[in-house]
Amino acid sequence: MQRNARRLVSTAAVLALAAGTLIGGSAAAGATEADSRSQDAVQSCYGSAKAYSKPKGQDFYPDNGASTLTTTANCADINIKTNTDRYVAVCFWKSSGGWLCNQDHWTLAKAGKWTTVARSVLNGSRFVFSFRSDAKSTGHWAA
């Protein structure tokens, strides 16, 4: 009887260990797939980045009076990677006309690092970057 009880306990332990491995492995695989999808989205977003060059003396990019930038399905957010530290905000073109700018919330974009300036922006939104300094600024943007 004791031998059968030990065998039963040993079998139960092996089954529990196997079940835990299967469940744990399955969860780990799910996390890896989610991380992979997240990485793919980031690569798609930043992979579609465009260069910008804002001349000295201007506060906005683009600042020719007629051009705006437009968000795409590649990114859910508006991102910028500046070549020098810059405080940046985003101004949106309102469908009723005119700009909606919120310079109460400047975002510090650190040189060489992607920074999200506006989150969860609808595809097709027209916008410009507003810089707190009129110094020359170069880098990339993705939206």
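Source: prediction; values computed, not measured. The chain is numbered in sequence order, starting from 1.
- Under the 6.0 Å distance and 45° angle rule, K50 counts as a cation-pi partner of W141.
- Between S44 atom OG and N74 atom CG the span is 4.5 Å, to the nearest 0.5 Å.
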Please table the atom pairs, donor to acceptor, closer than 3.5 Å between any side-chain atom in residues 118-133 and protein atoms at least two apart or in another chain.
| from | atom 1 | to | atom 2 | distance (Å) |
| --- | --- | --- | --- | --- |
| S125 | OG | L122 | O | 2.8 |
| R126 | NE | T68 | OG1 | 3.2 |
| S130 | OG | Q103 | NE2 | 2.8 |
| S133 | OG | A135 | N | 3.0 |

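- The salt bridge (charged side-chain N to carboxylate O under 4.0 Å, His left out) check on D134 picks up nothing, with sequence neighbours excluded.
- Annotation: side-chain hydrogen bond (donor to acceptor under 3.5 Å, both in side chains) contacts of T82 (sequence neighbours excluded): none.
- Among residues at least two apart or in separate chains, there is no disulfide bond (SG atoms under 2.5 Å apart) pair with a member in residues 105-143.
- Between A49 and H140, the shortest heavy-atom contact is CB-CB, 4.3 Å.
- Considering all non-hydrogen atoms of both residues, P62 and S67 come closest at CG-O, 3.6 Å.
- Among residues two or more places apart in sequence or in another chain, the side-chain contact (heavy atoms from CB on, under 4.5 Å) test is passed with L108 by D85, Y87, K110.
- Every residue two or more places apart in sequence or in another chain was checked for a side-chain hydrogen bond (donor to acceptor under 3.5 Å, both in side chains) with Y61, and none qualifies.
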* Show your working on side-chain contact (heavy atoms from CB on, under 4.5 Å) between T115 and T107 and close with a plain yes or no. => CA-CA 8 Å; T115 303; T107 300; 3.5 Å; yes
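- Pairs of residues two or more places apart, or lying in two chains, never qualify as disulfide bond (SG atoms under 2.5 Å apart) while including a residue from residues 111-143.
- Between A109 and I80, the shortest heavy-atom distance links the atoms CB-CG2, 4.0 Å.
- Distance check, rounded to the nearest 0.5 Å: CD1 of I78 to OG1 of T70 gives 10.0 Å.
- By the ring pair (Phe, Tyr, Trp, His ring centres under 6.0 Å) test, W99 is found to be paired with W93, residues two or more places apart in sequence or in another chain being considered.
- The side-chain contact (heavy atoms from CB on, under 4.5 Å) test applied to S53 returns K136, T138, not counting sequence neighbours.
- Considering all non-hydrogen atoms of both residues, W114 and A142 come closest at CZ3-N, 3.9 Å.
- At a threshold of 4.5 Å between side-chain heavy atoms, the hydrophobic network of Ile, Leu, Val, Met, Phe, Trp and Tyr places Y52 and V90 in one connected group.
- In this structure, A111 and N83 approach most closely via the heavy-atom pair CB-O, 3.5 Å.
- Contacts classified as disulfide bond (SG atoms under 2.5 Å apart) and involving residues 82-143 (residues at least two apart or in different chains) are given here: C91-C101.
- Taking T84 as the reference, R86 meet the side-chain hydrogen bond (donor to acceptor under 3.5 Å, both in side chains) condition, with sequence neighbours excluded.
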